[in-house]
Amino acid sequence: MRLIRLWPENSHFDFMRFRRFSFPLSAVISILTAVMLLSGGLHFGIDFQGGTLMEIQARSGQADVGQIRQTAQGFGFGDVEVQEFGSAGEVSLRFPIQEGGEAAQAAVVQKARDTFSAEYDFRRVETVGPRVSGELVQSGTIGVVLSVIAVLFYLWFRFERELAMASIIGTLHDIVLTIGFFVITGHEFNMTSIAAILTIVGYSLNETVVVFDRTRELMRRYKTMPAEELLNLSINHTMSRTIMTAMTTALSLLALVLFGGQAIQGFAQVMLYGVVICTYSAIFISSPMLIYIGLRGSEAVKVPEGRAAAAE
C-alpha cells in the first residue's frame, strides 16, 4: 500500500524568496503591536485587574444588553462593563474593585442577584481582590520572563552561534506576534493567556529545532552549497513532518474552539493562532534570518550527491 505524502518527495520549492514579503509583514505587525500596546494596552482579565465578574444567561434566550447595562450602572458600584459573549442570551458583567474589602465585593454580588435572578440564571461568579490580582500579575510576569530566558539559554547552547541567534530571533518574534493577537483582537489577557504564551514558546522551539537540526546536518554534508539553497533543502526535507504536526495540532485545537465551551475557548483560539505563527516563523523568519546573519560552513568534507541521496 502506497503511503500518503503530504509534501512531494525530492521537492525543490524556493521558500527563501518569500523573505522579501515575510520580513516586512512581520515588521509591520510587530510595530503595530508595540504602538497599540503603548497606547491602549492589553485588555486585562479579572485575574490581573481585580473586581467581580458575573456571567448570566437569559431564561427566555434573548438578553437585553442595553437594559442590563443601564440597571447595573444604577447600582452605584462604579463603571460596569457589560457585553454579550458565547451563545445567544449570555451576558458578562464586570464590576470594578470596591473599597471595603470582601464585604463590599459580596454586596455587589448580592445586589446583582436580587436584581437579575428573576429573568437570568447566574452561570459564573468570580471575585478577585486587589492584593490577589497584584500577586498574580507579579507571578505571571516572573514566570514568563524566566521561561523565556531558559529557552533562550537552551537555544544558545543547543546550536552553533548563527543557528542559535536565528532561533532566538524566531522565538522572540512568535512571542511578540502572540501578544499582538491579544492587543489587536482585544481578547482578555488572564492567567490562561500566560499558559497559552508559554505553550506557544515550547511549540515554536520544537518547530525551529526540527528545521535547524536538518540544516546543521546538511551543512556538514555540503560545505560549499550556497546558503539559500541549503536552507531551501532543509525546509523541503522537513516539510512533511511540519505539515503533519501543524495539521494534527490545529485540528485538535479547532475541535476545542468549536465544542470546548466558553471556559477553554479563549485558550484554544490563542493556541490555534500560535500554531500558524510558529509554523510560519520557522519557515519564513528563522531560516531566512540565517542568510543575513551569515551561515557558517562546516569542516566536514562535501559528500557526492549520489551518496547523499542514498543516505537519505
Side-chain angles (χ1 to χ4, degrees), residues 29 32-57 63 65 68-69 72-73 77-98 105 108-109 112 120 122-145 147-148 174-201 203 253-277:
I29 297 176
L32 181 62
T33 296
V35 171
M36 296 185 66
L37 186 62
L38 293 175
S39 60
L42 294 168
H43 179 211
F44 288 109
I46 192 171
D47 297 345
F48 296 150
Q49 202 172 31
T52 301
L53 173 67
M54 304 178 195
E55 294 178 359
I56 60 178
Q57 184 171 28
V65 178
I68 294 175
R69 183 180 293 109
Q73 292 286 4
F77 294 127
D79 190 22
V80 184
E81 180 182 328
V82 181
Q83 59 184 9
E84 290 184 294
F85 77 99
S87 59
E90 292 184 318
V91 180
S92 67
L93 297 87
R94 187 190 304 273
F95 293 86
I97 296 175
Q98 305 296 312
Q105 299 295 113
V108 174
V109 176
Y120 296 88
F122 281 72
R123 308 294 297 274
R124 174 187 173 193
V125 177
E126 185 176 342
T127 300
V128 177
R131 179 178 178 180
V132 175
S133 62
E135 291 176 352
L136 290 176
V137 170
Q138 182 179 11
S139 300
T141 303
I142 293 175
V144 170
V145 171
S147 299
V148 171
D174 296 343
I175 294 173
V176 171
L177 262 62
T178 301
I179 294 175
F181 175 80
F182 289 100
V183 175
I184 295 173
T185 62
H187 265 56
E188 185 178 279
F189 192 84
N190 49 33
M191 290 300 293
T192 304
S193 306
I194 296 292
I197 290 176
L198 295 179
T199 308
I200 289 172
V201 168
Y203 190 90
L253 291 170
L254 183 61
L256 291 177
V257 171
L258 297 177
F259 310 111
Q262 188 66 29
I264 200 173
Q265 191 176 66
F267 174 83
Q269 289 175 349
V270 176
M271 283 301 304
L272 186 60
Y273 168 84
V275 169
V276 176
I277 288 299

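Keep in mind it's a predicted model, so treat the numbers as computed, not measured. What's counted below: heavy atoms across the whole structure, side chains too, no hydrogens, waters or symmetry copies.
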Between [X] and [Y], is any pair of side-chain heavy atoms under 4.5 Å apart?
| X | Y | value |
| --- | --- | --- |
| Leu177 | Thr33 | no |
| Val270 | Ile200 | yes |
| Phe122 | Val109 | no |
| Val183 | Leu42 | yes |

In Å, rounded to the nearest 0.5 Å, how long is the span from [atom1] of [X] to [atom2] of [Y]?
| X | Y | atom1 | atom2 | answer |
| --- | --- | --- | --- | --- |
| Ile264 | Leu256 | CD1 | CG | 5.0 Å |
| Ile179 | Ile184 | CD1 | CD1 | 11.5 Å |
| Leu253 | Leu258 | CG | CG | 11.0 Å |
| Leu53 | Glu81 | CG | CD | 9.0 Å |
| Leu254 | Gln269 | CG | CD | 10.5 Å |
| Arg123 | Ile56 | CZ | CD1 | 11.0 Å |

Practice task
Apply the side chain to side chain donor-acceptor pair (under 3.5 Å) test between Arg94 and each candidate in Glu188, Gln83, Glu55; give the one that qualifies.
Solution key: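 Between Arg94 and the candidates, side chain to side chain donor-acceptor pair (under 3.5 Å) is satisfied uniquely by Glu188.
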Considering non-hydrogen atoms only, spot the tightest contact between [X] and [Y] and give its length.
| X | Y | answer |
| --- | --- | --- |
| Met54 | Ala112 | SD-CB, 3.4 Å |
| Ala72 | Val80 | O-CG2, 3.8 Å |
| Phe77 | Pro96 | O-CG, 3.3 Å |

Handout entry: salt bridge (charged side-chain N to carboxylate O under 4.0 Å, His left out) partners of Arg69, counting only residues at least two apart
Key =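 Residues passing salt bridge (charged side-chain N to carboxylate O under 4.0 Å, His left out) with Arg69: none at all.
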Problem - Under the ring pair (Phe, Tyr, Trp, His ring centres under 6.0 Å) test, residues paired with Phe181 that sit two or more places apart - result: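 Once residues adjacent in sequence are excluded, the partners of Phe181 under the ring pair (Phe, Tyr, Trp, His ring centres under 6.0 Å) criterion are His187, Tyr273.
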Handout entry: Residues that Gln73 engages under side-chain hydrogen bond (donor to acceptor under 3.5 Å, both in side chains), provided they are two or more places apart
Key =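 Gln73: side-chain hydrogen bond (donor to acceptor under 3.5 Å, both in side chains) contacts with Asp79.
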